[in-house]
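Residue indices begin at 1 and follow the sequence shown.
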Amino acid sequence: EVQLVESGGGLVQAGGSLRLSCSASGFNFDAYTIGWFRQAPGKEREAVSCISLSDGRTYYANSAKGRFTISRDSAKNTAYLHMTSLKPDDTAVYYCAADRISVCAVRGMDYWGKGTLGTVSP
């Protein structure tokens, strides 16, 4: 059974931080690119950050550069997204996803978690 479970969402004031976790099971974690996506009210789901397997190569959306950091821990089958300097516009449901093709795109992801809500107050 493939499973991705997000945690770490919550309510934070502008300028604060959140650390999201994605616990993976039921597939070869090390063979997949892991991505974080988000969907804000009234908007399409978008890629925030992805991290590849072997090289550890990362991708960040322009909105995330300099503020967010993605990482992964193979021993724990867990990926993380550390978000700092949060803004109200960052309010969204954040999803963890896995992709064996190593493409950081919504359509390219094979597995999805159910999401965790991050809310940033003014």
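The shortest side-chain heavy-atom distance between Asp90 and Phe68 falls under the 4.5 Å cut-off. A 4.5 Å side-chain heavy-atom check between Tyr94 and Gln39 finds every atom pair outside the cut-off. In this structure, Val103 and Thr33 have side chains that are not in contact, with every pair of non-hydrogen atoms separated by 4.5 Å or more.
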Passes side-chain contact (heavy atoms from CB on, under 4.5 Å), Asn77 versus Phe27? Steps please. CA-CA 10 Å; Asn77 279 5; Phe27 68 100; over 6 Å; no

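A distance of 8.5 Å separates CG of Leu86 from OG1 of Thr91, quoted to the nearest 0.5 Å.
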Throw together a table of side-chain donor-acceptor distances under 3.5 angstrom for residues 78-85, partners on residues two or more places apart or in other chains.
| from | atom 1 | to | atom 2 | distance (Å) |
| --- | --- | --- | --- | --- |
| Thr78 | OG1 | Lys76 | O | 2.8 |
| Thr84 | OG1 | Arg67 | O | 2.7 |

Name the atoms and distances for all side-chain donor-acceptor pairs under 3.5 Å in residues 58-65, with sequence neighbours left out.
| from | atom 1 | to | atom 2 | distance (Å) |
| --- | --- | --- | --- | --- |
| Tyr60 | OH | Ile70 | N | 2.9 |
| Asn62 | OD1 | Lys65 | NZ | 3.3 |
| Ser63 | OG | Arg38 | NH2 | 3.4 |

Give the table of side-chain donor-acceptor pairs shorter than 3.5 Å for residues 107-114, with sequence neighbours excluded, one pair per line with atom names and distance.
| from | atom 1 | to | atom 2 | distance (Å) |
| --- | --- | --- | --- | --- |
| Asp110 | OD2 | Arg100 | N | 3.1 |

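Applying the side chain to side chain donor-acceptor pair (under 3.5 Å) test to Ser49 and every residue at least two apart in sequence or in another chain returns nothing.
For residues 3-37, every residue pair satisfying the disulfide bond (SG atoms under 2.5 Å apart) rule, not counting sequence neighbours, is listed here: Cys22-Cys96. The list of salt bridge (charged side-chain N to carboxylate O under 4.0 Å, His left out) pairs with a residue in residues 3-21, not counting sequence neighbours, is empty.
Hydrophobic clustering (side-chain heavy atoms under 4.5 Å, transitive across Ile, Leu, Val, Met, Phe, Trp, Tyr) keeps Leu117 apart from Leu20.
In terms of heavy atoms, Ala24 sits closest to Leu4 at CB-CD2, 3.5 Å. Here the shortest heavy-atom pairing between Ile101 and Asp99 reads N-OD1, 2.9 Å. For Phe37 against Ala97, the heavy-atom pair with the smallest separation is CE1-CB, 3.9 Å. Minimum heavy-atom separation, Ala14 to Pro88: CB-CD, 4.2 Å. Closest heavy-atom contact between Ile34 and Ala98: CD1-CB, 3.8 Å.
A distance-only check finds no donor-acceptor pair linking the side chain of Arg57 to the backbone of Cys50 [under 3.5 Å].
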